[in-house]
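The structure under discussion appears below in the form of structure tokens.
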There are 2 protein chains.
Amino acid sequence: MTTIRDIARLSGYSVSTVSRVLNQQNYVAPATRAAIQRVIRQLDYAPNAVARTLSSGRTWNVGVVLPHADHPYFTQLLHGIVRAAFAANYHIVLLPSKWEAELELQYLEALRQHAYDALIFTSHGLPLSRLAAYHPAGRIVICQNPGTSPLPAAYAERTATYVAALQRLRAHGHRRVGILTSRPLAVSATTQAMVGAYEQVFHVGLPPERLRTGVITAADGEQAARALMAQAQPVSAILSNGDDIAVGARRAYLAAGQPVPELIGQEHQLSGEVLGLPTIDHHFETVGARAFGLAISRAPQNVAIPSELIVP
Amino acid sequence: MTTIRDIARLSGYSVSTVSRVLNQQNYVAPATRAAIQRVIRQLDYAPNAVARTLSSGRTWNVGVVLPHADHPYFTQLLHGIVRAAFAANYHIVLLPSKWEAELELQYLEALRQHAYDALIFTSHGLPLSRLAAYHPAGRIVICQNPGTSPLPAAYAERTATYVAALQRLRAHGHRRVGILTSRPLAVSATTQAMVGAYEQVFHVGLPPERLRTGVITAADGEQAARALMAQAQPVSAILSNGDDIAVGARRAYLAAGQPVPELIGQEHQLSGEVLGLPTIDHHFETVGARAFGLAISRAPQNVAIPSELIVP
DNA sequence: GTGAAAGCGCTAACAT
DNA sequence: ATGTTAGCGCTTTCAC
């Protein structure tokens with residue numbers, strides 16, 4: 001392995017002059033620069049990136065914690081983050097978490113160890129207070145309403161749109177609405193927003209059996225739909241956490257020869273568009289880009305991006 | 001910032017003993033270990049990851065070069081890569097390229113600078129020979145048939161399946177088939193495989209106007225379909241590089257009140273399943289996982305994963 | 001078991 | 001304009 005010292009020795013100049021050449025700095029005579037660059041080319045030398053990072057103290061890396069990548073929430077968010085990171089000359093490191101506390105802690109430790117300049121949690125299993133405890137160690141951005149937590153956050157403002165979606169269903173005469181969501185009420189702000197909106201619109205609590213959680217893929221949607229069909233009080237409409245999932249649910253009803261409930265999807269996916277489903281677009285790309293912006297800024301700021309109900 | 005030396009000083013032991021404690025090594029008296037760990041906790045000390053990397057020489061990072069992320073080829077490949085990387089305790093760094101030579105070179109330089117242990121090109125604009133020139137500097141894996149290039153490669157073996165798909169169309173009586181693809185014939189091995197399969201099945205070259213390139217999104221598919229409709233010899237079937245794209249094309253025909261050509265999609269997407277479209281599944285997740293395996297192994301090996309024609 | 005010291009390869013302050 | 005040198009924070013021989 002050839003180092004900066006080799007270049008110095010062979011060119012007859014000092015390491016600092018070589019370093020200046022490497023970093024395009026001034027105060028190097030053109031002839032010197034040329035001579036050094038010749039040696040660099042001769043030895044096929046490349047400065048070690050890790051050593052540079054150690055000396056300079058900045059990694060230009062931002063870690064993005066992702067529970068999984070099977071949902072447009074995460075993929076769109078990630079795209080937004082990557083786009084913004086690219087523009088700012090940062091690199092994105094993917095950190096799969098499956099919502100496991102142990103993994104999340106591992107990533108937080110890595111932040112403490114300066115493996116990343118910042119961490120973005122697209123979602124998290126640990127309570128916000130646990131995350132916030134690591135905030136002094138490095139910048140941590142979350143992608144949901146931070147509530148009273150001091151963490152910087154960029155997130156979709158969903159409640160108003162959920163209310164609008166459910167009001168639409170109510171206006172169409174529906175009284176028994178099912179809700180499909182990916183994570184349990186207790187841990188998910190999104191689920192809480194949906195259920196909260198339900199209560200706001202229908203003035204009663206959502207019966208627990210009409211909330212189907214753990215629904216992530218279209219196949220999950222089918223299964224959830226079968227569970228809803230099997231109930232004594234079948235639903236006449238479904239608010240689903242994804243167009244793909246709504247399409248899965250639809251398939252289950254069709255397969256069972258049952259009338260398909262009125263569906264409202266989310267994420268503005270092609271599958272829903274094909275069927276003319278109303279959907280909710282949360283503009284996650286924008287949310288991601290803003291989250292990245294927060295990750296490399298200093299101000300403890302919050303950014304809420306309003307969601308949008310799209311009716312074909 | 002507290003360093004290993006602080007811990008050494010405050011605990012009364014040397015840095016090397018502290019280092020041994022940090023790295024869970026033997027030959028440390030239990031009492032010593034306990035004492036040191038107490039100080040570590042007291043000072044809230046976290047060893048610097050970059051310094052460790054510099055000392056040890058391995059980054060545990062693998063860079064993944066992605067032209068964009070709007071196509072299932074890339075997202076599925078990436079998922080497979082991430083899954084395998086996670087299992088092997090590596091991290092994935094996202095490197096957006098847009099097929100730009102300058103960016104690709106920048107990433108290759110970063111490899112030379114030991115910013116990554118290896119680089120995976122999910123696709124590339126530079127000629128393979130340019131990539132191969134960097135191979136001595138670090139492991140480079142490509143995701144297409146390497147031909148005579150010495151680079152390790154994991155890729156989908158597509159030709160046989162394209163032949164099968166086109167034979168199906170031919171058997172259905174189609175003689176004028178359009179092909180939608182994302183990149184020009186000259187630069188894309190995939191496009192070449194599709195066109196080559198066409199020649200193999202129809203025993204004539206594909207008329208250039210029936211090859212529509214630059215088609216990436218469903219909207220592109222619509223536009224390409226309109227171009228095909230406008231031609232003197234309209235096509236009666238389309239082989240599309242994606243179910244979503246096929247769906248876009250279908251929409252254009254419907255909007256124009258034209259009969260929809262027989263469609264074959266790719267990527268096994270939900271949008272196609274909804275419409276009962278035949279599709280080609282290239283098993284890109286598997287390809288990605290295998291590509292990662294090659295990235296951290298030593299043997300210069302090639303892995304071809306056969307594609308699969310799926311008819312509902 | 002523990003410690004001293006020499007790296008790892010670079011940057012940057014300071015000197016000339 | 002160029003050189004000397006002290007870090008950056010850790011790991012890893014090699015002594016003892």
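Sequence lines set the chain letters: A, B, ... in the order given, protein chains first and strands last, and positions in each chain run from 1.
- In this structure, the ring of A:His68 has its center less than 6.0 angstrom from the ring center of A:Phe74.
- The nearest whole Å value for the distance from the CD1 atom in A:Ile4 to the P atom in D:dG3 is 12 Å.
- Rounded to an integer number of Å, the gap from CG of A:Leu54 to P of C:dG7 is 17 Å.
- A:Thr53 comes within contact range of no nucleotide atom at all, as no heavy-atom separation falls under 4.0 Å.
- If you measure from atom CG of A:Asp6 to atom C1' of C:dG9, you get 10 Å, rounded to the nearest angstrom.
- The base of D:dG3 sits within donor-acceptor range of the side chain of A:Arg20, with an N or O pair under 3.5 Å.
- Inspection of the A:Arg58 and A:Thr53 side chains reveals no N or O donor paired with an N or O acceptor under 3.5 Å.
- Between atom CD1 of residue A:Ile120 and atom SG of residue A:Cys143 there is a gap of 6.5 Å, rounded to the nearest 0.5 Å.
- Atom CD in A:Gln113 sits roughly 15 Å away from atom C1' in D:dT11 (whole-Å rounding).
- Each of A:Ala46 and B:Thr17 was matched to the nucleotide of DNA chain C holding its nearest heavy atom; the match closer to the 5' end belongs to B:Thr17.
- Between C:dT11 and A:Ser19, a contact under 4.0 Å exists linking OP1 or OP2 to a side-chain N or O.
- Put simply, CG on A:Asn48 is 8 Å from C1' on C:dC10, counting in whole angstrom units.
- Dense packing is recorded around CZ of B:Arg158, with more than 12 heavy atoms of other residues, nucleotides or ligands lying under 6.0 Å away.
- Under the 30°/60° scheme for interplanar angles, the aromatic rings of B:Phe292 and B:Tyr90 are found to stand perpendicular.
- Side-chain N/O atoms of A:Ser55 and base N/O atoms of D:dG7 include a donor-acceptor pair closer than 3.5 Å.
- A donor-acceptor contact under 3.5 Å links the side chain of A:Ser16 to the base of D:dG3.
- Of the candidate nucleotides D:dG9, D:dT2, D:dT11, D:dG9 has the atom lying nearest to any side-chain atom of B:Ala51.
- Comparing B:Val15 and A:Pro30 against DNA chain D, the residue whose closest nucleotide sits nearer the 5' end is A:Pro30.
- The separation between B:Asn23 atom CG and D:dT12 atom C1' is 10 Å, rounded to whole Å.
- With distances taken from any side-chain atom of A:Ala29 to the nucleotides D:dT2, D:dT11, C:dT2, the minimum falls on D:dT2.
- The base of C:dG9 sits with one of its N or O atoms less than 3.5 Å from a complementary donor or acceptor on the side chain of A:Arg5.
- The CD1 atom of A:Ile7 sits 13 Å away from the P atom of C:dT11 (whole-angstrom rounding).
- One finds a side-chain N or O of B:Thr32 lying less than 4.0 angstrom from the OP1 or OP2 phosphate oxygen of C:dT2.
- Put simply, OH on A:Tyr27 is 17 Å from P on C:dA15, counting in whole angstrom units.
- Relative to the side chain of A:Thr3, the nucleotides C:dG3, C:dG9, C:dT11 differ in distance, and C:dG9 lies closest.
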